[in-house]
There are 4 protein chains.
Amino acid sequence: MTAPAARRGRPRSEDADERILQAAHELLLQRGYDRFAMDEAAVRAGVAKTTLYRRWPTKDHLLVALVAKIQDEVPVADTGDVRRDLVVYLTAVAGGLNRMRRVGRTAGDDPSAGVVAELVAAAARHPDVGEAVRALFARRNTLPLALLDRARERGELRADSSSAVLFDQLAGALYYRLLVTGEPIGPAYVAELVDQVLAGAGTATPNPERT
Amino acid sequence: MTAPAARRGRPRSEDADERILQAAHELLLQRGYDRFAMDEAAVRAGVAKTTLYRRWPTKDHLLVALVAKIQDEVPVADTGDVRRDLVVYLTAVAGGLNRMRRVGRTAGDDPSAGVVAELVAAAARHPDVGEAVRALFARRNTLPLALLDRARERGELRADSSSAVLFDQLAGALYYRLLVTGEPIGPAYVAELVDQVLAGAGTATPNPERT
Amino acid sequence: MTAPAARRGRPRSEDADERILQAAHELLLQRGYDRFAMDEAAVRAGVAKTTLYRRWPTKDHLLVALVAKIQDEVPVADTGDVRRDLVVYLTAVAGGLNRMRRVGRTAGDDPSAGVVAELVAAAARHPDVGEAVRALFARRNTLPLALLDRARERGELRADSSSAVLFDQLAGALYYRLLVTGEPIGPAYVAELVDQVLAGAGTATPNPERT
Amino acid sequence: MTAPAARRGRPRSEDADERILQAAHELLLQRGYDRFAMDEAAVRAGVAKTTLYRRWPTKDHLLVALVAKIQDEVPVADTGDVRRDLVVYLTAVAGGLNRMRRVGRTAGDDPSAGVVAELVAAAARHPDVGEAVRALFARRNTLPLALLDRARERGELRADSSSAVLFDQLAGALYYRLLVTGEPIGPAYVAELVDQVLAGAGTATPNPERT
DNA sequence: TCCTAAACGAGACGGTACGTCAAGTCTTCTG
DNA sequence: CAGAAGACTTGACGTACCGTCTCGTTTAGGA
């Protein structure tokens with residue numbers, strides 16, 4: 001199997017990798033996606049632009065990779081209570097999205113934000129970035145999908161329901177609000193959303209004591 | 001009330017407006033969002049670039065306005081059968097989105113696409129574009145929301161369900177697939193989606209003979 | 001001869017003429033030639049741009065007319081002492097030029113100046129402006145030329161000397177310093193210049209008590 | 001002394017320099033100063049516009065540099081006969097100025113010309129261009145000034161005359177005619193001018209057989 | 001006294017160029 | 001060879017100002 005192939009010449013500096021991602025991260029937070037400049041990222045990382053482009057062929061590629069890395073692994077607990085587990089999970093996701101919303105929005109300065117939106121646009125621009133983004137989300141969604149599957153096996157969801165569709169309804173609603181309508185995504189909304197979705201999928205009684 | 005206000009100065013040429021939007025439309029279809037150039041739009045419209053910028057301060061502004069205009073009013077029929085009405089409506093929406101997906105994707109040429117994605121990114125870049133986009137969708141969603149409301153009044157939906165949340169689930173799922181996961185949005189998916197959502201919100205029996 | 005031709009329609013507002021020239025004057029002093037904007041001049045004069053262009057077909061035309069007007073009539077005294085008369089006259093001219101030099105040069109602000117230089121360039125751009133400028137200078141130079149002529153008649157200058165050439169030497173030196181070398185044009189220089197020129201043209205003893 | 005300083009990064013392409021100046025030269029001759037467009041210069045040089053702006057921050061800067069370069073070194077012969085040497089020198093200068101006059105003046109087309117005038121205006125607009133122009137002329141005038149100095153040492157000029165002032169009279173007269181009065185600058189004029197100036201500064205008998 | 005021609009105010013318009021910005025590539029020298 | 005440095009190409013952006021045009025609104029002077 002693919003021998004190590006005896007690298008020739010100077011090896012790539014792993015140090016550089018870290019410094020770049022670190023610098024890029026800061027820059028992304030400060031400027032937002034579209035005012036993020038490769039030149040500045042290189043300068044901040046103390047690295048030549050060539051070094052950036054040797055690793056990622058494009059700004060879009062770099063930033064997708066960056067976001068994939070800083071993506072906080074949203075933990076999924078499976079307590080046996082789907083409703084509760086979903087609320088916990090989606091609340092965490094919503095928190096992340098809400099944080100994204102504020103990225104790059106300096107107070108007085110005319111801001112630029114919507115990292116998620118720009119990522120999505122990047123995915124539409126380059127096929128390979130698209131694949132990366134989709135892989136990113138596929139990986140990220142594995143756990144919650146499994147959660148739904150297990151719940152169905154336990155009989156908490158109707159047998160003929162589809163985990164994928166259910167998940168689309170949940171995650172989709174959040175992203176729709178984030179990207180399209182801009183409406184707030186608070187805990188109350190998350191709870192209502194989960195209730196509504198589960199109502200159709202088979203659980204008996206929605207939790208009555210929510211706001 | 002609202003006096004005619006005696007226009008001063010040369011009035012804006014409505015002719016120019018039309019020619020610009022017409023030219024911009026064609027150009028958007030041919031090139032896609034990011035290879036759309038203001039310069040070329042102006043030339044095609046037979047108009048000075050300044051005339052463009054007098055109306056829309058930015059390429060993003062122009063394109064949002066353009067999409068808002070060419071947004072074909074998706075018709076909403078209220079036949080008394082929510083399920084059917086929703087399927088019809090969402091199928092139309094999905095059709096539009098799928099068409100958007102292909103915009104600018106010339107065969108061999110490495111394309112640029114995702115008009116919706118870019119629009120959403122534009123909305124995130126400029127606050128005022130964001131408002132415009134939100135207003136656009138608010139207007140666009142009025143009819144389907146009313147449809148849901150009426151269905152509830154007729155007893156087809158549970159009294160404690162929320163039209164807004166239901167709608168987010170439906171539209172959100174479509175946009176999620178379009179923008180994030182990239183999965184196809186076919187008639188089967190639309191039907192499944194509607195069934196699942198209505199299962200929780202209503203009493204209607206899901207149509208059994210779907211694919 | 002040329003009957004009054006019975007003007008029809010609304011007569012031109014003389015008031016406007018004055019307000020325009022007044023405003024233009026201020027603006028020229030503040031901004032200098034090339035940052036002088038017709039738009040701003042119109043606004044300041046409380047007049048429509050059309051009104052400007054009805055009177056002067058071009059920014060260059062307006063400014064030449066303006067300078068021709070504010071050109072302080074440099075007085076020429078003929079005391080019978082050419083040397084003294086020339087020194088007085090040239091000192092006045094030099095004063096004017098030195099003042100021109102500073103026009104538009106705001107302290108910190110990146111300045112723009114050289115009204116004379118720009119006028120000269122304008123004269124090179126439009127033939128008719130050129131004529132106007134030449135006429136302006138011809139008129140302006142009539143008196144000093146006559147001064148030289150009278151001095152020659154009095155025997156203070158050699159009979160075979162040419163007033164025109166003498167004058168070119170004097171005025172030319174000043175403009176050369178102003179426009180080309182940028183060297184200072186002080187009283188000492190003026191005196192030296194006159195001495196040198198008169199030495200060749202026929203006066204016996206240069207004034208010994210100059211600096 | 002001045003170590004080689006180990007150049008870092010890609011060196012500026014000297015080839016580009018030449019091509020730019022070459023193209024700019026042609027363009028200036030064809031179009032004249034104000035119809036000279038940076039864009040076109042770049043295209044003709046086969047170079048990106050940014051490459052132009054990396055070298056000269058402004059059209060004015062470029063053109064001054066260009067003229068400074070193409071300024072044919074006017075040769076100064078020192079034959080021991082000031083009058084003759086001056087006539088030769090000034091005739092050459094006048095030739096250059098007269099050529100400048102015609103630059104860009106296409107026959108039927110309403111032209112734009114007066115490169116010298118525009119240069120002088122440019123010098124007035126940007127302080128640094130002013131310095132460059134002054135340095136240019138200082139360098140250019142060194143030789144003729146030395147010529148005058150040597151003539152004085154030989155006793156051909158009065159000991160108390162000033163070379164600088166004499167030179168201003170000569171050059172100034174030419175530029176005055178070129179820029180201000182627009183009168184022709186022919187051989188006869190040059191001869192007359194030199195005679196008149198030397199009459200005051202020296203002892204030489206003016207050449208009687210001129211026109 | 002009305003009529004009519006021209007001036008006027010306001011501001012859109014066509015045009016032309018400018019200078020800028022960022023992405024991504026290329027070239028040179030150094031480790 | 002990798003890396004640092006920085007020049008280079010490309011493509012578009014948004015701006016500035018000029019001079020023209022198009023409205024609707026005055027303002028005389030002549031019938």
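First the proteins, then the strands, lettered A, B, ... as listed; each starts at 1.
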Starting the side chain at C-beta, find the nucleotide from [options] nearest to [X].
X: B:Tyr53; options: F:dC13, E:dC18, E:dG14; value: F:dC13
X: C:Thr58; options: E:dC13, F:dG19, F:dT15; value: F:dG19
X: C:Ser13; options: F:dC13, E:dC8, F:dA28; value: E:dC8
X: A:Arg55; options: F:dG3, E:dA23, E:dA12; value: F:dG3

Test of understanding: with side-chain hydrogen bond (donor to acceptor under 3.5 Å, both in side chains), list the residues that count as partners of C:Arg10, not counting sequence neighbours.
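With sequence neighbours excluded, C:Arg10 shows a side-chain hydrogen bond (donor to acceptor under 3.5 Å, both in side chains) to no residue whatsoever.
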How many Å lie between [atom1] on [X] and [atom2] on [N], as a whole number?
X: C:Trp56; N: F:dT20; atom1: CH2; atom2: P; answer: 15 Å
X: A:Leu52; N: F:dA2; atom1: CG; atom2: P; answer: 15 Å
X: D:Met38; N: F:dT10; atom1: CE; atom2: P; answer: 17 Å
X: A:Arg54; N: F:dA2; atom1: CZ; atom2: P; answer: 6 Å
X: D:Glu14; N: F:dA7; atom1: CD; atom2: C1'; answer: 13 Å
X: C:Asp39; N: E:dA10; atom1: CG; atom2: P; answer: 12 Å
X: A:Asp15; N: E:dG31; atom1: CG; atom2: P; answer: 18 Å
X: A:Tyr33; N: E:dA22; atom1: OH; atom2: P; answer: 15 Å

Look at [X] and [N] and indicate whether a side-chain polar atom (N or O) is within less than 4.0 Å of OP1 or OP2.
X: A:Lys49; N: E:dG24; result: no
X: C:Lys59; N: F:dC17; result: no
X: B:Arg8; N: E:dG9; result: no

When you look at C:Arg12 and C:Arg54, which way does the side-chain contact (heavy atoms from CB on, under 4.5 Å) test go after all the steps?
CA-CA 10 Å; C:Arg12 291 210 180 154; C:Arg54 196 171 296 115; 3.3 Å; yes
Using salt bridge (Lys or Arg N to Asp or Glu O under 4.0 Å) as the criterion, list what pairs up with B:Lys49, not counting sequence neighbours.
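If we apply the salt bridge (Lys or Arg N to Asp or Glu O under 4.0 Å) test to B:Lys49, skipping adjacent residues, the hits are B:Asp39.
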The answer to which of D:Phe36 and D:Arg10 contacts DNA chain E further toward the 5' end, by nearest nucleotide, is D:Phe36
Need to verify one output field. Residue with the more 5' nearest nucleotide on DNA chain E, D:Glu40 or C:Arg19?
C:Arg19
Would you mind classifying the nucleic acid contact of D:Arg12 as base, sugar-phosphate or nothing, using non-hydrogen atoms under 4.0 angstrom?
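Result for D:Arg12 = sugar-phosphate.
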Heavy-atom nearest nucleotide on DNA chain F for D:Ala16 versus C:Ala37: which residue maps closer to 5'?
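With D:Ala16 and C:Ala37 compared, the 5'-side residue is D:Ala16.
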DNA chain F: C:Thr50 or A:Thr51, which has the more 5' nearest nucleotide?
A:Thr51
For the residue pair A:Glu26 and A:Gln30, confirm or rule out a side-chain donor-acceptor distance under 3.5 Å.
no
Backbone of D:Tyr33 reached by a side-chain donor or acceptor of D:Lys59 within 3.5 Å:
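Yes, D:Lys59 side chain to D:Tyr33 backbone: donor-acceptor pair under 3.5 Å.
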